[in-house]
Q: 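Quick one: structure below, then a few questions.
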Amino acid sequence: MTISVKLHGNMLTLCERIQKQVIDDIYDMTGKEVVSVHLYVRRLIDGKNA
């Protein structure tokens, strides 16, 4: 999964939350256990290029 995110105080915590949410959503939709989600931050967005 590739994402672009606004600059955030703790990027690691934000990415971990996104990964967990994706894992939970896939489980809710399919009933299948997800082992891992690869998350790539393609771009950081600040107020100037949002």
Q: Quick one: pull up CG in Asp24 and CE in Met29 and give me the separation to the nearest 0.5 Å.
A: 10.5 Å
Q: Can you give me every donor-acceptor pair (side chain of residues 31-40, partner residue at least two apart or in another chain, under 3.5 Å) with its distance?
A:
none

Q: Apply side-chain hydrogen bond (donor to acceptor under 3.5 Å, both in side chains) to Thr13 and list each qualifying residue two or more places apart in sequence or on a separate chain.
A: Asn10
Q: Could you list the residues that satisfy side-chain hydrogen bond (donor to acceptor under 3.5 Å, both in side chains) with Gln21, not counting sequence neighbours?
A: Asp25
Q: Starting from the C-alpha separation in whole Å, work towards a yes-or-no answer on side chain to side chain contact (heavy atoms under 4.5 Å, CB included) for Ser4 and Val41.
A: CA-CA 6 Å; Ser4 296; Val41 177; over 6 Å; no
Q: Under a 4.5 Å side-chain heavy-atom rule over Ile, Leu, Val, Met, Phe, Trp and Tyr, are Leu7 and Ile18 clustered together?
A: yes
Q: Is there a side chain to side chain contact (heavy atoms under 4.5 Å, CB included) between Ile45 and Val5 once you walk through the steps?
A: CA-CA 6 Å; Ile45 302 169; Val5 295; over 6 Å; no
Q: In terms of hydrophobic clustering (I, L, V, M, F, W, Y; side-chain heavy atoms under 4.5 Å; direct or indirect links), are Tyr27 and Met1 co-clustered?
A: no
Q: Same cluster or not: are Ile3 and Leu14 linked, directly or through other Ile, Leu, Val, Met, Phe, Trp or Tyr residues, by side-chain heavy atoms under 4.5 angstrom apart?
A: yes
